[in-house]
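Just below is one structure, and these are the notes that go with it.
A note on names: the letters A, B, ... follow the listed sequences, proteins ahead of strands, and every chain is numbered from 1. All of these numbers come straight from a predicted model, not from anything done at the bench.
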Number of protein chains: 2
Amino acid sequence: MKDVAAEAGVSVMTVSRVVNGDAGVAPPTAARVEAAVRKLGYQRDDVARQLRRTDQLSQTIGLMVDNVADPFMAAVASAAEDVARQRGSMVLIGSSRADVRREQEVIETFTARRVDGLILIPAAGSHRFLRSAQAQGTKIVCVDRAAPGLDADAVVVDNFGAVKEAVHHLIAHGHRRIAYVGDKPEIWTFGERHRGYRAALEAEGIDADPAIVRHGLRSGPDAAQAVTELLSSPEPPTAVLAGNEVLAFGVLAVLPPDIAFLSFDDFALAPRLTPPVTVIAQDPVALATSAAHLLFARIHGDTSPPRTVVMPTELIPRGSGEIPGPHAPHGR
Amino acid sequence: MKDVAAEAGVSVMTVSRVVNGDAGVAPPTAARVEAAVRKLGYQRDDVARQLRRTDQLSQTIGLMVDNVADPFMAAVASAAEDVARQRGSMVLIGSSRADVRREQEVIETFTARRVDGLILIPAAGSHRFLRSAQAQGTKIVCVDRAAPGLDADAVVVDNFGAVKEAVHHLIAHGHRRIAYVGDKPEIWTFGERHRGYRAALEAEGIDADPAIVRHGLRSGPDAAQAVTELLSSPEPPTAVLAGNEVLAFGVLAVLPPDIAFLSFDDFALAPRLTPPVTVIAQDPVALATSAAHLLFARIHGDTSPPRTVVMPTELIPRGSGEIPGPHAPHGR
DNA sequence: CTGAAAGCGCTAACAC
DNA sequence: GTGTTAGCGCTTTCAG
């Protein structure tokens, strides 16, 4: 910047004004400065800028997910990045790999960079550590999962209600032995989904059999192995419910076509499988867009009490969830 | 930091030393400082730190993709972030949406933040604008696509050879009218894939019919519509080749099961479709991991001439690509 | 309309 | 072991 000022024969202050498009610089002066900028290939240093600016905004947000490679989270990341770009902010990305300690470490590097806010898919575990970030002024919005014990906005779906409805749907088609295949119930979303599963069974007077409930599955292969084991057990399930898209892929790799199947999360090929897959669909782009808008509202001064936004889900029957079970009205 | 120093009764320099774990601070002093840090909830400001440090490294890299929601690119992002974390760096993410101008804008905000390097899936168009970033010291590694006219490392696969082999495979199964469904050929990868397609046809003495080649498809629905049109034409293809995973999903939504099909990129459900889908598989995680390692080597002083690393692909026959065509050896 | 001085929070280099 | 001084590249404030 000094070099540019020297080249243009002005002070650094004038360079600063021109570079930032501030009004109040004589056009000929501005032209000289611009020529010098081009000649020297000068680019403003936004790191130094952030240090001095009085609004103290870094124009950067942090995005913390389990794993960007997960299609649900990739959609969230993409939508969040879109909104951030519209709002003139950059996005730092981090993956927790479902480990709160790793999540905390990464978030600390975010806050050390003075991000304005955080969009967070919280891992299982206590998020009390985020209070110091909040005290420091970092705004936080959770997506897909609430963070119990944290006073922050959240954008989620009614996981409990959606799964409850889905299990009722399977029961209505004659199933009694319905397997549940999910990730750790300590993760808020999976806790809710499992609660919905149990609530539906209970409402229908069916004893929940822990032998056909599998928690802590983190990958397709995990789910595939779990289902293989369940199917070779003495009393195999007649229907399987998968907790999310990644697990659904694993289940579908090994599931015989005569077992009913229903999954959380819709996916492009669901209608093309044999049978077509019945799903509970949600809209990750809408979730993330809503969360990002909420975050920027907070960053720009919205101090109303934390909100929890609940977005809709939709049960899409396609065939796999309507395979009749042994107790179906018109026999098997 | 001043507050911490006052609280602990030391100078800011001592606080700096303790916070950075530098040797040469008496344990009791360090303990007092640490107590003050905790009491005041102090966290080092890495923005200010970066400004002063002499190595001038921001410990941040930029990751520029078309669209994080694309499964291939999500895998790249995830792997790149993993390596960055191991190397103590953060990742800024940006999406070009296949628009070089947007790509340039985002990259300029990256370099204004003084990222140490860039992992880039270049959009179609000239990347000469990156030369000033390189002159400024930003290291650049391309993944999946080369950036013509740019002197940078690249990690890619042999798209030409892989598609040529795949088209020979279809021809060997009796196909002559093979449709090609891809994105803009100005994107390096799709240019290569299309070249491979034409080279195989030519090698077999088959006239390429432009009526069954569709370029510039950017989404599943785009591909679905293109294929629908192709199939209702007077001389429909007997086989379809999809340029990537996203397009494959679109094609599969509308393709009758008696038309042969082959796609670039493997996907979890490929074996479960009817018929199972024959693919050219590549490993996005390996591509991105290799690119990230290359980038960090550059950042840490590797000044050898730019390299292009070529990773393997694999043709995985599963059924859809082996449906016999009208010219199959043993009749249809 | 333009410039000089001060300082953002931190660390390099050198004292003591 | 610890402190002092200077300055990273920029913007704020205030003076002309």
Side-chain angles (χ1 to χ4, degrees), chain A residues 1-37 40-60 108-116 136-138, chain B residues 1-37 40-60 108-116 136-138:
Chain A
M1 186 153 154
K2 264 192 297 201
D3 299 343
V4 174
E7 175 74 26
V10 296
S11 74
V12 291
M13 201 48 237
T14 302
V15 176
S16 172
R17 290 191 179 104
V18 173
V19 165
N20 294 310
D22 286 6
V25 177
T29 314
R32 256 184 308 138
V33 171
E34 274 158 14
V37 164
L40 302 181
Y42 167 79
Q43 187 186 28
R44 185 180 66 199
D45 185 328
D46 280 354
V47 176
R49 185 166 200 248
Q50 184 193 332
L51 191 62
R52 193 63 183 84
R53 278 173 65 106
T54 170
D55 62 11
Q56 286 292 43
L57 287 184
S58 61
Q59 313 230 89
T60 307
E108 276 164 4
T109 69
F110 286 174
T111 54
R113 281 306 215 318
R114 300 297 185 258
V115 294
D116 302 328
Q136 212 182 116
T138 312
Chain B
M1 186 152 154
K2 263 192 297 199
D3 299 342
V4 174
E7 175 75 25
V10 297
S11 74
V12 290
M13 200 51 234
T14 300
V15 176
S16 172
R17 290 192 179 104
V18 173
V19 166
N20 295 309
D22 288 4
V25 178
T29 315
R32 257 186 307 140
V33 171
E34 275 157 14
V37 163
L40 301 181
Y42 167 79
Q43 186 185 28
R44 184 179 66 198
D45 185 329
D46 280 353
V47 176
R49 185 167 200 248
Q50 183 193 330
L51 192 61
R52 193 60 182 87
R53 280 172 62 105
T54 55
D55 62 11
Q56 286 293 43
L57 287 184
S58 61
Q59 313 229 88
T60 306
E108 276 164 5
T109 68
F110 285 175
T111 54
R113 283 300 176 58
R114 301 297 186 259
V115 295
D116 302 328
Q136 211 181 114
T138 311

Using the 3.5 Å cut-off, write out each protein N or O paired with an N or O of nucleotides 6-8 of chain C and the distance between them.
unit_1	atom_1	unit_2	atom_2	d
C:dG7	N2	A:R52	NE	2.4
C:dG7	N3	A:R52	NE	2.9

Nearest heavy-atom neighbours spanning A:D22 and A:V25: O-CG2, 4.3 Å

Terminal axes of the helix from C:dC1-D:dG16 to C:dC16-D:dG1 (five pairs each): angle between them, nearest 10 degrees: 30°

Distance (rounded to the nearest 0.5 Å) between B:L40 CG and B:E7 CD: 5.0 Å

Upstream residue (5' side of DNA chain D) when B:V25 and A:D45 are each assigned their closest nucleotide: B:V25

Contacts of type salt bridge (charged side-chain N to carboxylate O under 4.0 Å, His left out), residue A:R44, not counting sequence neighbours: A:D46

Separation between CG of B:L51 and CD of A:Q50, rounded to the nearest 0.5 Å: 10.5 Å

Whichever of A:Q43 and B:P27 has its nearest DNA chain D nucleotide further upstream toward 5': B:P27

Integer-rounded Å distance: C:dG9 C1' and A:R113 CZ: 14 Å

Positional range of nucleotides in DNA chain D within the contact set of chain A, heavy-atom, under 4.0 Å: D:dG9 to D:dT12

Heavy-atom pair of closest approach, residues B:S58 and B:V115: OG-CA, 3.6 Å

Sugar-phosphate only, base, or nothing, as touched by A:D46 at under 4.0 Å among non-hydrogen atoms: nothing

Positions of residues 6-19 of chain B (non-hydrogen atom under 4.0 Å from DNA chain D), listed by number: B:V10, B:S11, B:M13, B:T14, B:R17

From B:R52 atom CZ to B:S16 atom OG, the distance as rounded to the nearest 0.5 Å: 11.0 Å

Spacing between B:D22 atom CG and C:dA13 atom P, to the nearest angstrom: 13 Å

Straight-line distance of B:Q136 CD to B:R114 CZ, nearest 0.5 Å: 4.5 Å

5' priority, DNA chain C, between A:R114 and A:G24 [closest heavy atom]: A:G24

Contacts of type side-chain hydrogen bond (donor to acceptor under 3.5 Å, both in side chains), residue A:R49, not counting sequence neighbours: A:N20

Smallest separation among heavy atoms of B:V15 and B:V33, with atom names: CA-CG1, 4.1 Å

Value rounded to 0.5 Å, distance of CZ in A:R113 from OG1 in B:T60: 3.5 Å

Nearest heavy atoms of A:V18 and A:A30, plus distance in Å: CG2-CA, 3.9 Å

Validation row: B:V19, B:Y42 side chains within 4.5 angstrom (heavy atoms): yes

A:R32 side chain to A:A8 backbone, donor-acceptor under 3.5 Å: yes

